[in-house]
Amino acid sequence: MMRNVVVVPYDANWPEAFAAEARELRRALQSVALGIHHIGSTSVPGLAAKSVIDILLVAASHARLDASDAAMVALGYEPRSEFGIAGRRFFVKGGDDHRTHHVHAFEPGHREIAKHVDFRDYLRAKPHEAQRYGALKLELARRFPTDIEAYMDGKAALIAELQQRAVRWRPSG
């Protein structure tokens, strides 16, 4: 899939962009949304990122979330079903050319929830690791400016390494 890959320096406005979208999601989804978390690179201060806000939504159930597709569409999201991850519902805002937000929705207890939150928290606590990850992303975006698959493939090994470290590091309690 060919899609422009633009990685930019950290933007201090990303946390507020997340907070504003989270308010809209809470309003639209009401009791369906049990938790809403800012994840991904835009959630880590100082980390270079594609300027897309990743949101982890803990949904009461997939059935209730699926029944709320119209509310998500009204907010500008396109439902994309599981999109390669079993047990996820994935929504994209802004289409392929001008993406602004992703929503990754899981039911409570799904292993992907801790995986994403642990990864975020680890990078927040370990700025040197975030810097290493950011440098790789900038290099890959330079090398593959129109090939999102090559960009993603290039990050895979470091992401797996950092995720393993995040699990071992995970604060207790």
**Asked** By ring pair (Phe, Tyr, Trp, His ring centres under 6.0 Å), which residues pair with Phe144, not counting sequence neighbours?
**Response** none
**Message:** Please identify which of these residues, Thr42, Leu25, Ile39, meets the side-chain contact (heavy atoms from CB on, under 4.5 Å) condition with Ile55.
**Reply:** Leu25
**Complete:** Between Tyr10 and Gly46 the two heavy atoms that sit nearest each other are CG-N, 3.2 Å
**Asked** Of all heavy-atom pairs between Ala125 and Trp169, which one has the smallest distance, and what is that distance?
**Response** CB-CZ2, 3.4 Å
**Message:** side chain to side chain contact (heavy atoms under 4.5 Å, CB included) for Leu56 and Asp54? Distances and angles first, verdict last.
**Reply:** CA-CA 7 Å; Leu56 187 147; Asp54 280 292; over 6 Å; no
**Complete:** Tyr122 meets the side-chain hydrogen bond (donor to acceptor under 3.5 Å, both in side chains) criterion, sequence neighbours left out, with Glu129
Ignoring hydrogens and angles, write down the donor-acceptor pairs under 3.5 Å from the side chains of residues 82-93, residues two or more places apart or on other chains.
{"residue": "Glu82", "atom": "OE2", "partner": "Gly87", "partner atom": "N", "Å": "2.9"}
{"residue": "Arg88", "atom": "NE", "partner": "Glu82", "partner atom": "O", "Å": "3.1"}
{"residue": "Arg88", "atom": "NH1", "partner": "His104", "partner atom": "ND1", "Å": "3.0"}
{"residue": "Arg88", "atom": "NH2", "partner": "Glu82", "partner atom": "O", "Å": "3.3"}
{"residue": "Arg88", "atom": "NH2", "partner": "Phe83", "partner atom": "O", "Å": "2.6"}
{"residue": "Arg89", "atom": "NE", "partner": "Asp66", "partner atom": "OD1", "Å": "2.8"}
{"residue": "Arg89", "atom": "NE", "partner": "Asp66", "partner atom": "OD2", "Å": "3.4"}
{"residue": "Arg89", "atom": "NH2", "partner": "Asp66", "partner atom": "OD2", "Å": "3.2"}
{"residue": "Lys93", "atom": "NZ", "partner": "Glu21", "partner atom": "OE1", "Å": "3.3"}
{"residue": "Lys93", "atom": "NZ", "partner": "Glu21", "partner atom": "OE2", "Å": "2.9"}
{"residue": "Lys93", "atom": "NZ", "partner": "Leu75", "partner atom": "O", "Å": "3.0"}

**Request:** Verify the cluster assignment for Ile113 and Leu65: are they in a single hydrophobic cluster under the rule of side-chain heavy atoms below 4.5 Å apart?
**Result:** no
**Those residues that, when tested against Ala20, pass side-chain contact (heavy atoms from CB on, under 4.5 Å) (two or more places apart)** = Glu16, Arg23
**Request:** With sequence neighbours left out, write down each residue that passes side-chain hydrogen bond (donor to acceptor under 3.5 Å, both in side chains) with Ser43, or none if nothing qualifies.
**Result:** none
**Item:** His98, NE2 atom: more than 12 neighbouring heavy atoms under 6.0 Å
**Value:** no
**Request:** Report whether Leu138 and Val6 are members of the same hydrophobic cluster (ILVMFWY, side-chain heavy atoms less than 4.5 Å apart, transitive linking).
**Result:** no
**Asked** Listed by chain and number, what are the side-chain hydrogen bond (donor to acceptor under 3.5 Å, both in side chains) partners of Lys50, not counting sequence neighbours?
**Response** none
**Request:** Nearest 0.5 Å please: distance from the CG atom of Asp118 over to the CG atom of Leu123.
**Result:** 11.0 Å
**Under the side-chain hydrogen bond (donor to acceptor under 3.5 Å, both in side chains) test, residues paired with Arg142 that sit two or more places apart** = Glu139
**Message:** I need the Glu78 CD to Asp69 CG distance, nearest 0.5 Å.
**Reply:** 11.0 Å
**Item:** Residues His38, Ile53; criterion side chain to side chain contact (heavy atoms under 4.5 Å, CB included); working and verdict
**Value:** CA-CA 8 Å; His38 190 184; Ile53 306 298; 3.9 Å; yes
**Item:** Atom pair OH (Tyr151) and NZ (Lys137), whose distance is rounded to the nearest 0.5 Å
**Value:** 4.5 Å
**Request:** Identify whether Leu57 and Val117 are in the same connected component of the hydrophobic contact network (ILVMFWY, side-chain heavy atoms under 4.5 Å).
**Result:** no
Can you give each donor-acceptor pair under 3.5 Å made by side-chain atoms of residues 28-35, sequence neighbours left out, with the distance rounded to 0.1 Å?
{"residue": "Ser31", "atom": "OG", "partner": "Arg64", "partner atom": "NH2", "Å": "2.6"}

**Asked** Is the NZ or CZ atom of Lys115 both under 6.0 Å from the centre of the six-membered ring of Phe119 and within 45° of that ring's axis?
**Response** no
**Set of ring pair (Phe, Tyr, Trp, His ring centres under 6.0 Å) partners for His37, sequence neighbours left out** = none
**Message:** side chain to side chain contact (heavy atoms under 4.5 Å, CB included) for Val44 and Tyr133? Distances and angles first, verdict last.
**Reply:** CA-CA 11 Å; Val44 179; Tyr133 181 43; over 6 Å; no
**Request:** Quick one: closest heavy-atom pair of Ala114 and Arg170, and the distance?
**Result:** CB-NH2, 4.5 Å
**Item:** side-chain contact (heavy atoms from CB on, under 4.5 Å) partners for Gln131, two or more places apart
**Value:** none
**Request:** Just jot down the side-chain contact (heavy atoms from CB on, under 4.5 Å) partners of Glu161, sequence neighbours excluded, or say none.
**Result:** Arg132, Leu158, Arg165
**Message:** Which residues pass the side-chain contact (heavy atoms from CB on, under 4.5 Å) test with Gln164, not counting sequence neighbours?
**Reply:** Arg168
**Asked** How far apart are the closest heavy atoms of Glu24 and Arg27, and which atoms are they?
**Response** OE1-NH2, 2.7 Å
**Request:** Apply the test side chain to side chain contact (heavy atoms under 4.5 Å, CB included) to residues Leu140 and Val5: give CA-CA distance (whole Å), side-chain angles for both, the deciding distance (0.1 Å), then the verdict.
**Result:** CA-CA 9 Å; Leu140 291 168; Val5 179; over 6 Å; no
**Request:** Give the cluster check for Leu47 versus Leu136: same hydrophobic cluster or not, with ILVMFWY residues linked at side-chain heavy-atom distances below 4.5 Å.
**Result:** yes
**Item:** Shared hydrophobic cluster, Met72 / Phe106 (ILVMFWY, side-chain heavy atoms < 4.5 Å)
**Value:** no
